[in-house]
Amino acid sequence: MTPNNDFRTRCVHEGELHDSQHQGSISPLYMGTSYAFNDVPINQYPRYFNTPNQRGLSQKIASLEGAEAGLIFGSGMAAISTALFSHLQAGDHVVFQDDLYGGTRNFIKTEFPKYQISFSFAKDTTVASFEAAIRPNTQGIYIETPSNPTLRIIDLKGIAALAQAHQIWTMIDNTFASPVNQNPIAFGIDVVLHSATKYLGGHSDICAGAVVGSQKTIDRVFSSAKNFGGSLSDATVWLLERSMKTLYLRVQAQNENALQMAHFLDQQSWVERVYYPGLSLHPDHVLAKAQMKGFGGMLSFDLEKGRDAKTFLLALKLIKPTMSLAGIESTALSPRLTSHALLTEEERLAQGITPQLIRFSLGIEAMEDLQADLLQAVEKTNQ
Ligand SMILES: Cc1ncc(COP(=O)(O)O)c(C=O)c1O
């Protein structure tokens, strides 16, 4: 496999292991925790992130992001926490985007103070607001774009240029976009993180994470990762590699469903507002078009005032009112009651999270069935 192979071909074949014993067409699974010394620099061992299956999958994800190297973790949070801690020490400061994934926000708020690491949130999603938050001891900038749940877009090139001017690193959580829709390394971002539990896995049955970047960056992350021990079991690595063969097809179908659904919702009298970067009225539509290859499978919308979000969600029959996202099955939730429940009401409203807001993860079902489900559910919210 070479980088010249098309993205779709690399989804299927990059990093695959050859079955030299039986010539089977898929990667064999090596569950061993003990291997003979050979030509790999460090002895092969699951916690060293270098078993045959772990190395194969790392290569696949790195290739799809246009990175030199990568590491696979036991969860998205293991990837995020290890990447951050490997780049920080006491006295350092990091600038984060304000509308951050709740788990990451909770991680930095509870763990950073224990190690004398400080942080601030940029006031909004503009590059200028990240610049305003930089201090003399700032080591890096951490972003998520599209953001959760209002799908704001951050200028990747602008953030990379700002970081280079200040000689600091940049990290992005690219979970919402997936490598199909956005490759931040091409825009100068240093470290790309994924909750592979989401689009990379795609079937709501795998918990995993990934970090990709230059070989130098990955060596640095590895030096902490082997101490923290957040590696992924080979059985799950194998399943994730299998799942990623269909990544391109799944995400394309989800992109198409989300765009169609956004237009549909935009025309409904019971919907107050739709948040989707593929809509021309989205405040960041032009930027999204410039840096994304597709607008993604996530959207949010506000029900009109007076319609209860919980009643609506519980009335859905096909779309599952669950916490997960990015699976081939459509799911929806109220950020106020679930993903952002730990924030204060004031913090939520500052991020546009109203009691009526519904976050919608589009699956690959038929559009007419999804629309019919929404229409029958909204009937139940009539007073
Ligand atoms: C954007 C984003 N980043 C990171 C995570 C954390 O990933 P995990 O649950 O795999 O640890 C999630 C989980 O929902 C997420 O949505």
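Because the structure is a prediction, the values reported are computed rather than measured. Just follow the structure's listing: the first ligand is 1, and inside any ligand the first atom is 1.
Ring to ring, F112 and F107 are close: their centroids are under 6.0 angstrom apart. Between F295 and H285, the distance separating the two ring centers is shorter than 6.0 angstrom.
With atom 2 (C) of ligand 1 as the reference point, the heavy atom nearest to it among L193, D173, L325, N174 is part of D173.
Residue T104 has no N or O atom closer than 3.5 Å to an N or O atom of ligand 1. The shortest N or O to N or O distance between G76 and ligand 1 is under 3.5 Å.
If you number the atoms of ligand 1 from 1 as listed, the ones under 4.0 Å from a heavy atom of I80 come out as 4 (C). Heavy-atom contacts of S75 reach the following atoms of ligand 1: 10 (O), 11 (O) (cutoff under 4.0 Å). Atoms of ligand 1 found under 4.0 Å from any heavy atom of T197 (numbered from 1 in listed order, with element): 8 (P), 10 (O).
Under a 4.0 Å heavy-atom criterion, K198 is in contact with ligand 1.
Of all protein heavy atoms, the one lying nearest to atom 11 (O) of ligand 1 is M77 N, 2.8 Å. Remark: minimum distance from atom 5 (C) of ligand 1 to any protein heavy atom is reached at Y101 CE2, 3.3 Å. Regarding atom 7 (O) of ligand 1, its nearest protein heavy-atom neighbour is S195 OG, 2.9 Å.
Contacts between A208 and ligand 1 below 4.0 angstrom, taking non-hydrogen atoms only, involve the backbone exclusively. Residue N148 does not touch ligand 1, judged by heavy-atom distances below 4.0 Å.
Shortest non-hydrogen contact noted between R47 and K226 is NH1-O, 2.7 Å.
Taking the centre and axis of the six-membered ring of F121, the NZ or CZ atom of K123 falls outside the cone set by 45° and 6.0 Å.
I141 places a side-chain heavy atom less than 4.5 Å from the side chain of I168. Counting only heavy atoms from C-beta outward, the side chains of F7 and Y248 approach each other to under 4.5 Å. By the 4.5 Å heavy-atom criterion applied to side chains, L193 and N174 are not counted as neighbours.
E65 and K60 are not joined by a salt bridge, as no carboxylate oxygen comes within less than 4.0 angstrom of a charged side-chain nitrogen.
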